[in-house]
Number of protein chains: 2
Amino acid sequence: MNTTYGQYCPIAKAAELFAERWTPLIVRELILGSHRFSDLERGVPRIPRALLVRRLREMERAGIVERRQQGDSRHPAYFLTHVGQELGPIIMQLGVWGQRWYNAHTEPDELDPALLVWDMHRRIHRDRLPPHRVVVRFDFTGACHGSYWMLLEPADVTVCWVDPGYDADLSVTADSVTLHDVWMGRQSFASALADGRVELDGARPYIRGFPTWLALSTFAHVTPANTATAPRG
Amino acid sequence: MNTTYGQYCPIAKAAELFAERWTPLIVRELILGSHRFSDLERGVPRIPRALLVRRLREMERAGIVERRQQGDSRHPAYFLTHVGQELGPIIMQLGVWGQRWYNAHTEPDELDPALLVWDMHRRIHRDRLPPHRVVVRFDFTGACHGSYWMLLEPADVTVCWVDPGYDADLSVTADSVTLHDVWMGRQSFASALADGRVELDGARPYIRGFPTWLALSTFAHVTPANTATAPRG
DNA sequence: CTGTATCCGGATCGATACTG
DNA sequence: CAGTATCGATCCGGATACAG
């Protein structure tokens, strides 16, 4: 709904733009460093493509997003303008609120290993990686199983949804629920390794290194409050 | 749309609740001190009644709002729970952002003297009022004209949309655009008086007192930035 | 006063298929 | 890769009537 509220109140004016469906998630992706159209799609996998196009156009028109046609007919890229960047703290506070009150666990239909790996790849500590490429295979077990590959290099971390052909230097095996819990800070990676819920397999340096390369969600440090006071359908 | 985003991300979980249409404005009203159903309707005049009911129920279910049936079969009242109150800073930041970038002026169809008087009545400095009742009549001129009454007492400030029958102790005459500009901080009340855009009529103590009783919008102190960089359709 | 119930036209959303 | 085009399902807005 791009309809207005018809109020002079600045909260209403802001909500007309910011509180549109999907918009907070698109802004989140841009903040987290996705700029290509296809990357935005990966970060917001359930948005209809036409709607993503439309939201980007609306935000561009409102001065929140800038579309740059990369030099010599390359693919376009999207960036937050200064106006859009000022939404950053608001988005983050919203995430803290969500984590505190409404994220004590991940619903079964919210499990999304592909998205999880995509989120993780953006927060790898690249400065701690060895100077050569390391190929990591994630083997998710349980309700939502499948394999994904992450290619770690100090210059760039990429994700593959199909076997890239390289032999994996390290495999990470875990139930999909467990890895979501670790990512959201509900269980530490160390304890998940200790009790065998996460298994690492590969050469010793990689097994020892990987836990230091991985960073958790931005909100992992926010402790969920007692949800008994905030039930959710 | 009470549909979900299907993402484990806490920003998505929060947006599902907070970024629903009308919800930010309802939360704003609750923060500003409206608790009765009819008061919420006054503060969000364009929301269909059935939708207001529905949003309140949704928020209640989510633990954001608490509905209290006042003692001995009185009218019900709505309050923000602790969870809902934590949205306060987010709402306010959103308002600052809206004021900064998207509120350089009030659109003609956003002029709403009835809402303006309603907003003003909540921010009167009651502690500065004389100990007896003062009746103020607002006469709006221009595109959006009409008269409204405000009954000022230290214990309570009320608004009337029809002549309450009392003689007015003070009349405030101004173009509707001017008074919106003053409220939003785009022109000072003093300068509007000085250049005759606002006229006060009544006994001397009331004319001198009124400018000290009136408080502006919470966002009046936020200076709009240059909108040339943030055009808006 | 605080809702419920209904109806309808139009806007929006979600899903799918197609294209340069 | 980065969009368009299309279509049915749903939601919203606005109006109206009614009830405890």
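Keep in mind the model is a prediction, meaning the values are calculated, not measured. Proteins come first, then strands; the chains are lettered A, B, ... in the order of their sequence lines, and each starts at number 1.
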Distance, rounded to the nearest Å, where Glu41(B) contributes CD and dC1(C) contributes C1': 10 Å

Could you tell me if the ring centre of Trp118(B) sits under 6.0 Å from that of Tyr148(B)? no

Leu56(A) atom CG is separated from dA2(D) atom C1', nearest whole Å, by 11 Å

Axis-to-axis angle for the helix from dC1(C)-dG20(D) to dG20(C)-dC1(D), ends of five pairs each, to 10°, equals 50°

Which residues pass the side-chain hydrogen bond (donor to acceptor under 3.5 Å, both in side chains) test with Arg49(A), sequence neighbours left out? Glu41(A)

Do Glu29(A) and Arg122(A) sit within salt-bridge range, that is, some charged N less than 4.0 Å from a carboxylate O? yes

With respect to the phosphate group of dC13(C), does any side-chain polar atom (N or O) of Trp22(A) fall under 4.0 Å of OP1 or OP2? no

Counting side-chain heavy atoms from C-beta on, which of dG3(D), dT4(C), dT2(C) comes nearest to His75(B)? dT2(C)

Answer yes or no: is there an ion pair linking Glu16(B) with Arg21(A), defined by an N-O contact shorter than 4.0 Å? no

Among dG14(C), dC12(D), dG3(D), the nucleotide that comes nearest once only the side chain of Tyr78(A) is considered: dG3(D)

Rounded to whole Å, the CD1-C1' distance (Ile47(A) to dA15(C)) equals 13 Å

Roughly, in whole Å, what's the span from CZ in Arg54(A) to C1' in dT12(C)? 7 Å

Are Phe140(A) and His145(A) close enough that their ring centers fall under 6.0 Å? no

Report the distance from atom CG of Leu40(A) to atom P of dA2(D), rounded to the nearest whole Å. 9 Å

Measure from CZ on Arg68(B) to C1' on dT2(C) and round the result to the nearest Å. 18 Å

Find the distance Arg21(B):CZ to dC13(C):P and express it as a whole number of Å. 11 Å

Calculate the interatomic distance between Arg55(B) atom CZ and dT2(C) atom C1'; express it in whole Å. 19 Å

Assign Leu51(B) to base, sugar-phosphate, or nothing according to its heavy-atom contacts below 4.0 angstrom with the strands shown. sugar-phosphate

Specify whether Tyr78(B) and Phe37(B) have parallel, tilted or perpendicular ring planes, treating 30° as the upper limit for parallel and 60° as the lower limit for perpendicular. tilted

Could you tell me whether Arg61(B) and Glu58(B) have a side-chain N and a carboxylate O separated by less than 4.0 Å? no

Can you confirm whether more than 12 heavy atoms, excluding those of Phe79(B), are under 6.0 Å from its CZ atom? yes

Among residues 27-39 of chain A, which contact DNA chain D at a heavy-atom distance under 4.0 Å? Arg36(A), Phe37(A), Ser38(A)

Do the side-chain N and O atoms of Ser171(B) and Asp139(B) include a donor-acceptor pair separated by under 3.5 angstrom? no

Could you give all pairs that pass the salt bridge (Lys or Arg N to Asp or Glu O under 4.0 Å) test and reach residues 151-172 of chain B, with sequence neighbours left out? Arg133(B)-Glu153(B)

Which residue, Ala50(B) or Arg42(B), contacts DNA chain C at a nucleotide closer to its 5' end, judged by nearest heavy atom? Arg42(B)

Tyr102(A) and Trp97(A): aromatic ring centres closer than 6.0 Å? yes

Please set out all donor-acceptor pairs under 3.5 angstrom arising from side-chain atoms of residues 82-89 of chain A, sequence neighbours excluded.
| residue | atom | partner | partner atom | Å |
| --- | --- | --- | --- | --- |
| His82(A) | NE2 | Glu86(A) | OE2 | 3.0 |
| Gln85(A) | NE2 | Leu80(A) | O | 3.2 |
| Glu86(A) | OE1 | Arg100(B) | NE | 3.1 |
| Glu86(A) | OE1 | Trp101(B) | NE1 | 2.8 |
| Glu86(A) | OE2 | Arg100(B) | NE | 3.4 |
| Glu86(A) | OE2 | Arg100(B) | NH2 | 3.1 |

Any N/O pairs under 3.5 Å between the protein and nucleotides 17-20 of chain D? List them or say none.
none

